[in-house]
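First the proteins, then the strands, lettered A, B, ... as listed; each starts at 1.
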Amino acid sequence: MRIMYINNDASGFADFINIAEGTTINQFFAIKMQGCEAGDYLIRVNRQHVNRDYILQEGDRVTITARKIEGAIS
Amino acid sequence: MSKDPRLKITDSIRDALIGSNINDDLELIGQLRRFVDSLKTIEKLVSKFSKAYDNDCYLAAEKIRTQTGRDFDTLSHTVNQAKIVAQQNRPEIPDIKTIFEEIANLASEADNNLTIDYAKNTISIDTEPIELDELYLGKFCIVLNISELPKMNSLSPYSIIALDPNPAATNEDVTHPHVSCEKLCEGDGTVPIRKALSQGRLADFFTIIQSILKTYNPDSPYVDLDEWDGVACYDCGYTTNRDNIFYCELCSNDYCQECSSYCRICDETTCLGCGGECPSCGEFICKNCLTECQICKTQMCKGCIEEGDLCLECKTELEDLENIENEEQDNETCQPVVAKIQVICIISL
């Protein structure tokens, strides 16, 4: 199953990826953001906040954005 | 029927994103021009090089050879730069529907905090009041200027305006540890911000900016939160920025320029209380470089203390005293001899 995954962490990754059918957003986060706390991120599916048990659907657009990003003088 | 006002800004955003790609193309054209110029320079050198050999001008040939090496470096740099620009993945320009959905989503999430100014071609969102480490910084307005989107790779197309400013005491342009003159130092957010904007992901853009504003990075602020209200001089209490504060190594406190000096012997910065004027030469000396005269007990700089830890005055007095004593001793040893001579003279007479 193909979904659009946008990770707004340092590299600003945004691409289509394949995932297993029946994957919940919670499982997806655990796979993609290993070692990270879900509470530290804003997780949206199709621009909306969803329940952690939400099962991802074909063509969904998942956005993960850190709640804390460090600014710095370049 | 009039066009939905949100569609107007949607059109504008799409045009700006297309313009951003055009700017990339213009940059590539510039790089290619520089590449062609470098090639022409090398072509001329080749011609000069062969002429120099034809005319047995070996010294000139050697110079051209060195120059060619430098020009190859320039050529190689130009090729690499052109390659980087040419191979960049151009972001796909989102369609009108996608951009419209982004704006609709922004409007639903931001409630009344979203402002679309068609005349100025801006979209702005007001943040919640921001507080970092118990320092209240107030609300900020994130203003995205659509007209500046095509130049997003060289200029920041957005501003951060403090609505209820509590600027740093030492610099009123700094309204947030990471905002100066309404511009955000993006740090870790730089790449995600550019990517979000170039792909028309406006909601992500505003979210990332808010995440930066809500985070304090103590390693690289314009002004430290600890020094937001300035650094006070330990002596007079004058508040100033860190650059104008001097640390006294002797008492471990911060002092303003007026309340500090440096030792003319060891060059250490010290406060006025940890040093003083040498009574002999009048120079400022730290207390570590003061030495006490063994006789008068006056403290003065090491430069004004003579051998035997004596000040010049005491040393001179001591020497005078010694001289007198010596003279007296000399007189005492001379008197019996004179008497003897007198006796001998009398006897001989």
Side-chain angles (χ1 to χ4, degrees), chain A residues 1-19 23-26 28-74, chain B residues 89 91-92 94 98-109 130 132 140 156 160 174 176-181 183-224:
Chain A
M1 189 174 78
R2 204 159 176 254
I3 63 160
M4 169 66 123
Y5 170 44
I6 300 159
N7 180 351
N8 284 315
D9 257 3
S11 61
F13 174 88
D15 208 352
F16 284 99
I17 57 163
N18 289 311
I19 58 160
T23 307
T24 65
I25 186 66
N26 200 34
F28 180 79
F29 181 88
I31 295 164
K32 291 292 172 189
M33 305 292 287
Q34 283 180 20
C36 298
E37 282 291 324
D40 294 337
Y41 291 84
L42 287 168
I43 305 164
R44 288 195 179 101
V45 178
N46 302 326
R47 301 191 179 89
Q48 306 296 322
H49 297 283
V50 290
N51 190 296
R52 55 188 290 158
D53 298 326
Y54 172 85
I55 296 170
L56 292 168
Q57 308 293 315
E58 173 80 29
D60 271 352
R61 180 185 193 268
V62 178
T63 310
I64 298 177
T65 310
R67 288 179 193 274
K68 289 188 177 293
I69 302 175
E70 289 193 338
I73 302 169
S74 51
Chain B
N89 285 331
E92 198 178 317
T98 309
I99 299 172
F100 186 81
E101 282 172 358
E102 282 288 327
I103 293 172
N105 183 53
L106 273 180
S108 68
E109 279 206 354
I130 288 175
L132 296 175
F140 290 86
S156 177
I160 310 293
V174 178
H176 180 284
H178 304 303
V179 175
S180 177
C181 297
K183 293 295 168 196
L184 178 72
C185 54
E186 298 164 343
D188 291 345
T190 307
V191 176
I193 287 170
R194 291 291 168 279
K195 290 215 170 173
L197 284 175
S198 64
Q199 293 166 4
R201 290 186 281 113
L202 300 181
D204 285 350
F205 161 74
F206 283 106
T207 306
I208 295 165
I209 299 292
Q210 290 186 71
S211 293
I212 297 174
L213 290 175
K214 288 176 187 168
T215 311
Y216 175 56
N217 174 10
D219 294 331
S220 188
Y222 283 113
V223 174
D224 271 328

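Between Glu102(B) and Arg61(A) a salt bridge is recorded (basic side-chain N to carboxylate O distance below 4.0 Å).
When side chains are defined from C-beta on, Thr63(A) counts as touching Asp204(B), because their heavy atoms get closer than 4.5 Å.
To the nearest 0.5 Å, the span separating CZ on Arg67(A) from OG1 on Thr215(B) amounts to 11.0 Å. Of the inter-residue distances, the one linking Ile193(B) atom CD1 with Asn8(A) atom CG reads 9.5 Å to the nearest 0.5 angstrom. Going from atom CG of Asn46(A) over to atom CD of Glu101(B) covers 9.0 Å, rounded to the nearest 0.5 Å. Considering CG of Leu42(A) and OG of Ser211(B), their distance stands at 6.0 Å, rounded to 0.5 Å.
Asn217(B) places a side-chain N or O within donor-acceptor distance of the main-chain N or O of Gly71(A), the cut-off being under 3.5 Å.
No more than 12 heavy-atom neighbours from other residues, nucleotides or ligands sit within 6.0 angstrom of CD on Glu37(A). Remark: Glu92(B) CD is loosely packed, at most 12 non-hydrogen atoms of other residues, nucleotides or ligands lying under 6.0 Å away.
With respect to chain B, the highest number of heavy-atom pairs below 4.5 Å among Arg44(A), Lys68(A), Gln48(A), Arg47(A) belongs to Arg47(A).
Looking at Ile208(B), both its backbone and its side chain come within 4.5 Å of chain A, counting heavy atoms on both sides.
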